[in-house]
Amino acid sequence: MYLIDLDDFKAINDVYGHSAGDAALVTVATRLTEIIQDRGGMVARLGGDEFAAIIPGSGSEEDAQAVGAAMIDRIQQPFMHDGILLTPSASIGIAQAANGPDDNGDTLIKLADYAMYQAKEDGKGGFRLFDAEIGAHVARRKELAAALPFAISNGEIVLRFQPQINLETGALKGFEALARWDRGSDLLQPNEFIEIAEESGVIRVLDFYVFEQSARRLTEWLDRGSPRLTMSTNLSARNFETDDLPDAIARILEKTGAPPELMVLEFTESILIANWESVTGTVSQLRKLGVKIALDDFGTGYSSLSYLRKIEVDEIKIDRTFIADIEQSEETLFVFDNVADMATGLGKSLVIEGIETQRQNEIVTAHGGQIGQGYLFGAPLLPEDAEEMVFKKDATRTAS
Ligand code: C2E
Ligand code: MG
Ligand code: MG
């Protein structure tokens, strides 16, 4: 069983129009048919940009790999449509009949689907055969997906607070709250569960939970006479799919008594591309509540200047991939310089992520960086360690 899923099909439709999308589907279908019919098999379109193919008889693993490679090869040949050169790409998952007791069409499609998913994760444009490793990976994801909805009510989602520093004065400016999943024996990092939470939609509850817990923490510190620090939390793109985000945030602000102007909501620029209208609407409603908005991981996506000009963000966070090679690369430094100028020119504050060395700190500070976040100043800290930092004598400069 071969499952063939086109890569970035939506982008073809969005960028070149639906007739180009249709042409890509027809071309891929024809090419698959050539390859499969030659071998006595059949191809069907499952819907959307997904195809399935079967070749009867029990071929070897090598046979299946050869077919996978042939399909990838053929699919990726460029073709002309209406004067545009299109180069399709697909990811393919392959599952072979083991002739076991539960060896039926449904199981095979499922296993091929897992393998296809893995092919996408491997970076698209390739094929994978289902194997024990993929099986274990999928099983682990399923286990986490099943447990995650209960993690929040069980108090297993815990927070770490990473300091943000005013680069000019060295004073503590605030924290970014980052989620961890405490499974007793295992402390899971966001890269192991955020995507799973996004797939199931649990992310909405999780993000609100993190916002509420960190708002409580900040309020408690302020009540005990802490400086007016800021508290940033992350919002997944999925929170922008419905229009109840501002209400939910307003309720939590009220419930916790946190000063809105000290709370910063971070989201990544990727969400601007698909839903510009609704996102800008939501953002201005959020800002009416008094909270601040930050554009996270700036520089990793499209980083369109026109977005920056039009969206009401208060803060731009430059991604750490920029900083990583700022000591070596003139180009990076040049881009950094310009982004810093632009941010300042537009009246936005500039947070530099991922500062790990003193040299990086000096460079970004000399080139217009205002606020720094990175291992040089502190890793994401346990609540009690963050608290110690808050009430340390020399960290009393306040944030605006
Ligand atoms: P982010 O919002 O860009 O958070 C910064 C990440 O960079 C954190 O990873 C932090 O530990 C890491 N980092 C900070 N300084 C340095 C440094 O100097 N060097 C290096 N190598 N890394 C540094 P973390 O905590 O693993 O979080 C990863 C991502 O997961 C976050 O990226 C954010 O997108 C997401 N995330 C974390 N918590 C939440 C949450 O509550 N909700 C949502 N939706 N996403 C979250
Ligand atoms: Mg962030
Ligand atoms: Mg970031």
Side-chain angles (χ1 to χ4, degrees), residues 148 151-152 156-165 167 173-182 186-217 230-241 245 248-249 252 263-271 291-301 303 313-327 339 349-361 363-364 369 371-383 385-386:
L148 189 55
I152 299 166
E156 292 171 12
I157 299 297
V158 296
L159 301 189
R160 295 292 181 266
F161 298 93
Q162 186 173 34
Q164 297 184 335
I165 301 295
L167 291 174
K173 179 253 179 192
F175 292 96
E176 175 175 3
L178 295 155
R180 301 288 181 264
W181 182 1
D182 184 356
D186 236 3
L187 188 71
L188 302 193
Q189 303 294 311
N191 67 359
E192 293 173 276
F193 65 87
I194 293 293
E195 206 181 287
I196 295 174
E198 285 178 333
E199 277 166 14
S200 63
V202 172
I203 193 71
R204 295 160 53 84
V205 189
L206 192 147
D207 283 351
F208 294 156
Y209 179 79
V210 171
F211 182 74
E212 178 166 342
Q213 295 302 311
S214 53
R216 279 192 200 292
R217 185 71 66 172
T230 59
M231 183 64 82
S232 304
T233 65
N234 294 282
L235 283 181
S236 151
R238 296 222 48 183
N239 279 304
F240 291 84
E241 285 170 5
L245 178 63
I249 295 294
I252 299 172
M263 299 300 296
V264 184
L265 294 172
E266 302 188 354
F267 63 83
T268 62
E269 56 187 343
S270 60
I271 66 169
V291 295
K292 300 279 192 266
I293 305 292
L295 203 51
D296 204 357
D297 304 343
F298 188 78
T300 56
S303 308
V313 299
D314 302 277
E315 193 174 276
I316 296 171
K317 298 190 77 174
I318 299 201
D319 192 69
R320 68 167 187 267
T321 50
F322 262 90
I323 307 315
D325 70 343
I326 206 160
E327 289 175 57
V339 174
S349 63
L350 189 65
V351 180
I352 322 299
E353 296 193 84
I355 303 179
E356 294 183 353
T357 68
Q358 190 50 40
R359 184 78 194 115
Q360 289 168 343
N361 183 18
I363 295 173
V364 299
I371 298 147
Q373 180 180 344
Y375 294 165
L376 179 67
F377 311 110
L381 304 173
L382 286 166
D385 294 334

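All ligand and atom numbering here is 1-based and tracks the order in the structure. Only heavy atoms go into these numbers, but all of them, side chains included; no hydrogens, no water, no symmetry mates.
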Pick one of side chain, backbone, both or neither for how [X] approaches ligand 1, counting any non-hydrogen atom pair under 4.0 Å.
| X | answer |
| --- | --- |
| K317 | neither |
| D297 | side chain |
| P380 | side chain |
| I203 | side chain |
| N234 | both |
| D296 | side chain |

Heavy-atom proximity to atom 15 (N) of ligand 1, best of E353, Q373, Q162: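 Ranked by closest heavy atom to atom 15 (N) of ligand 1, first place is Q162.
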Selected option - heavy-atom contact closest to atom 46 (C) of ligand 1, from L178, I194, D319: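 Checking each option, the heavy atom nearest atom 46 (C) of ligand 1 is found in I194.
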For [atom], the protein heavy atom that lies nearest, with its residue and separation:
| atom | value |
| --- | --- |
| atom 16 (C) of ligand 1 | Y375 CE2, 3.4 Å |
| atom 40 (C) of ligand 1 | D207 OD1, 3.7 Å |
| atom 21 (N) of ligand 1 | E356 OE2, 3.1 Å |
| atom 38 (N) of ligand 1 | A179 N, 3.1 Å |

Just distances here: any N/O of [X] and N/O of ligand 1 closer than 3.5 Å?
| X | value |
| --- | --- |
| P190 | no |
| Q189 | no |
| R320 | yes |

Shortest-distance N/O/S atom, D296 versus the Mg ion (ligand 3):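 The D296 atom nearest to the Mg ion (ligand 3), restricting to N, O or S, is OD1.
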Metal check, the Mg ion (ligand 2) vs D297 N/O/S, cut-off below 2.8 Å: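 No - counting backbone and side chain alike, D297 has no N, O or S atom under 2.8 Å.
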Residue N234, metal the Mg ion (ligand 2), N/O/S under 2.8 Å: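 Given the 2.8 Å cut-off, N234 counts as a ligand of the Mg ion (ligand 2).
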Rounded distance (nearest 0.5 Å) linking atom CZ of R238 with atom CZ of R204: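 It comes to 8.0 Å.
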Contact flag E266/the Mg ion (ligand 3), N/O/S atoms, threshold under 2.8 Å: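 So E266 does not bind the Mg ion (ligand 3) by this criterion.
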Non-hydrogen protein atom less than 4.0 angstrom from atom 19 (N) of ligand 1: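 Yes.
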Among the N, O or S atoms of E176, the one nearest the Mg ion (ligand 2):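 The nearest such atom is OE2.
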Check for me whether [X] has a heavy atom closer than 4.0 Å to any atom of ligand 1.
| X | answer |
| --- | --- |
| L206 | yes |
| E176 | yes |
| R180 | yes |

